[in-house]
Amino acid sequence: MLRNEHDALWHNSLTPRTVRDGGFDATAVVHGKGCRLQDAVGNWYLDARAAMWNTTLGYSCDRIVDAVTEQLRRLPVAQIIRYDEPAEVSLRYARRLVAELPDPLNHVRFGSTGSQMTSAAVLMSRFVRKVRGETQRVKVLAFTNGYHGTGGLAGALTGERQMHALQAPLAPEVHHVRPWDLEALERAVERRGPENITAVIVEPIMGTDVVPAPEGALARIRELCDRHGIHLIADEVTTGFGRTGAMSVMAAQGVLPDMLVLGKGITSGYFPLAALACSDAVFDEAVSRPEYTFPHGCTADGHPAAMAAGLAVLEELADGVLLERVRTTGAEIRRRLRAAAAEIPLIHDVRGEGLMIGVELRRESGRPGEREMARIRDACKAAGLLLTSTNNTLVLMPPLVLAEEEAIELVERLTSALRTVAGHGS
């Protein structure tokens with residue numbers, strides 16, 4: 001028997017107060033349309049966080065709904081981790097997906113979450129080393145404040161100190177350096193021994209605080225990895241599938257990783273799916289010895305409904321019109337926010353690419369603390385705007401289908417909320 005009906009759903013925002021008062025009964029969302037959400041008491045919000053950055057095509061994409069529905073009627077369940085009967089739709093989607101990626105990223109494995117597949121990328125890298133007899137190559141380098149998921153190996157790859165403190169002990173042999181400090185990265189390679197390092201994992205735009213790679217940094221990391229025979233893993237769970245106006249940031253910059261992790265927008269969040277694309281070289285080594293089989297996978301990997309949703313997303317993006325709109329809409333939002341900074345000193349910096357935008361906040365007295373950031377989120381919600389905050393940065397990740405008038409509305413709601421908070425002081 002339930003002790004309290006308000007704690008049946010245990011999720012990350014649950015607090016003693018909400019358990020006592022049942023606050024989520026009113027704030028639960030019940031309906032979505034386009035870029036907007038409606039809560040249980042009838043309030044509508046402009047969703048500038050696209051659920052959890054993943055609802056890239058909004059809440060009413062008929063193409064995805066129809067594709068998933070048709071697939072569920074035809075073949076609702078299949079599996080790809082054992083035996084030799086993969087779903088036909090899985091084969092079709094894999095071929096279509098790698099056709100969208102640059103050579104030599106011609107092989108793809110499917111999972112359900114980004115965390116699962118960042119872990120899979122590192123495990124694949126280590127597996128290839130074992131196949132080659134390089135069993136000492138197990139160390140991985142990542143950036144502090146980088147985000148690669150939670151739990152197990154993914155939690156260790158993520159460079160957030162609070163997460164490490166709360167989840168310790170962590171998976172071993174993962175080491176972090178300061179974000180985009182390439183000299184520190186080179187020193188770490190030398191200190192740990194390049195012969196002991198299997199991979200470097202990077203986000204081309206770090207999701208935490210939206211920190212893009214400095215110009216030329218990705219190419220330098222690629223060169224460093226090539227020099228020492230280290231695998232380069234690109235985590236584009238957030239940046240992929242049009243978030244920045246391109247299918248892949250690294251592909252757009254001509255810097256190709258050995259492995260590419262994709263997720264979030266891959267199905268617009270309509271069905272759980274993530275993917276790990278591997279180069280020809282990684283694939284050829286991984287399958288070169290029949291007595292070695294990569295022992296990674298879960299029952300739901302390559303679920304037929306997810307494959308159908310993935311195909312529908314590729315159809316939506318195929319003509320490039322939406323990707324171009326993402327670039328122009330994102331640039332206009334950043335322009336308007338930078339203009340607003342002249343009258344709202346709380347806005348310290350506006351950065352990002354496409355519809356992945358970070359608004360860094362600071363006062364003369366320093367960075368806003370956790371309590372003030374919560375107050376800012378509340379003010380935005382009161383103004384009808386849902387967004388994410390990380391440290392002292394507001395993160396804007398609206399659906400890619402955001403219309404021009406909705407982009408203007410987003411800026412107006414955000415700046416109105418910031419004026420309200422700024423007027424109250426720190």
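One side chain, Ser125 or His231, offers a donor N or O that lies under 3.5 Å from an acceptor on the other. Residues Arg129 and Thr198 bring a donor and an acceptor atom of their side chains to less than 3.5 Å of each other. Side-chain atoms of Tyr147 and Asp235 form no donor-acceptor pair, as typed in the model, at a separation below 3.5 Å. Under the 3.5 Å distance criterion, with hydrogens and angles disregarded, no donor-acceptor pair is assigned to the side chains of Arg178 and Thr144. A side-chain donor from one of Gln116 and Asp301 sits under 3.5 Å from a side-chain acceptor of the other. For Glu160 and Thr208, the side-chain atoms include at least one donor-acceptor pair closer than 3.5 Å.
The shortest heavy-atom contact between Val326 and Gly245 is CG1-N, 3.6 Å. Nearest approach of Val108 to Leu97, heavy atoms of both residues: CG2-CD2, 4.0 Å. When every heavy atom of Gly384 is checked against every heavy atom of Arg413, the shortest pair comes out as CA-NH1, 3.3 Å. Among all heavy-atom pairs drawn from Val421 and Arg363, the shortest one is O-NH2, 3.4 Å. Among all heavy-atom pairs drawn from Phe241 and Gly263, the shortest one is CD1-O, 4.5 Å. Taking every heavy atom of both residues into account, Leu72 and Ala305 meet most closely at CD2-CB, 4.0 Å.
For the pair Arg137 and Glu195, the salt-bridge criterion is not met [side-chain N within less than 4.0 Å of a carboxylate O]. No salt bridge links Arg73 with Glu70; every basic N to acidic carboxylate O contact stays at or beyond 4.0 Å. Salt bridge status for Arg334 with Glu332: absent, with no side-chain N to carboxylate O gap under 4.0 Å. Taking a cutoff of 4.0 Å between a charged side-chain nitrogen and a carboxylate oxygen, Arg220 and Glu183 qualify as a salt bridge. No salt bridge links Arg325 with Glu404; every basic N to acidic carboxylate O contact stays at or beyond 4.0 Å. Under the 4.0 Å criterion applied to side-chain N and carboxylate O atoms, Arg222 and Asp258 are assigned as salt-bridge partners.
Sequence neighbours left out, the pairs with a member in residues 97-112 that pass side chain to side chain donor-acceptor pair (under 3.5 Å) are Asp103-Asn106, Asn106-Asp280, His107-Asp280. Among residue pairs with one or both ends in residues 242-255, those qualifying as side chain to side chain donor-acceptor pair (under 3.5 Å) are Glu236-Ser248; sequence neighbours excluded. Annotation: side chain to side chain donor-acceptor pair (under 3.5 Å) contacts involving residues 261-273, sequence neighbours excluded, are absent.
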- Please lay out, stage by stage, how His11 and Phe24 fare under the test ring-ring contact (aromatic ring centres under 6.0 Å, His included). CA-CA 11 Å; His11 61 114; Phe24 292 120; 4.6 Å; yes
- Task: Could you go through the side-chain contact (heavy atoms from CB on, under 4.5 Å) check for Met356 and Thr239 one step at a time?
- Result: CA-CA 8 Å; Met356 183 175 184; Thr239 57; 3.6 Å; yes
- Message: Could you walk me through whether His303 and Phe110 satisfy the side-chain contact (heavy atoms from CB on, under 4.5 Å) test, starting with their C-alpha distance in whole Å, then the side-chain angles of each, then the deciding distance to 0.1 Å, before giving a yes or no?
- Response: CA-CA 9 Å; His303 193 286; Phe110 293 119; over 6 Å; no
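Ring-centre distance between His176 and Phe143: not below the 6.0 Å cut-off.
With hydrogens and angles disregarded, a donor-acceptor distance shorter than 3.5 Å links the side chain of Arg351 to the backbone of Asp209. Here the side chain of Asn392 pairs no donor or acceptor atom with the backbone of Pro368 at under 3.5 angstrom. Between the side chain of Ser119 and the backbone N or O of Ala154 there is at least one donor-acceptor pair closer than 3.5 Å. Under the 3.5 Å distance criterion, the side-chain polar atoms of Glu405 are left unmatched by any main-chain donor or acceptor of Glu409. Side chain of Arg126 to backbone of Val138: a donor-acceptor contact under 3.5 angstrom is found. With hydrogens and angles ignored, the 3.5 Å screen pairs no side-chain donor or acceptor of Asn43 with any backbone N or O of Asp39.
Partner Met373 forms a side-chain contact (heavy atoms from CB on, under 4.5 Å) with one of Leu394, Thr390, Asp378, Thr393 and no other, that one being Leu394.
A cation-pi contact, defined as under 6.0 Å to the ring centre and within 45° of the axis, links Lys381 to Tyr45.
Between Cys35 and Leu46 there is a side-chain heavy-atom pair separated by less than 4.5 Å. At a threshold of 4.5 Å between non-hydrogen side-chain atoms, the residues Met250 and Leu260 do not count as touching.
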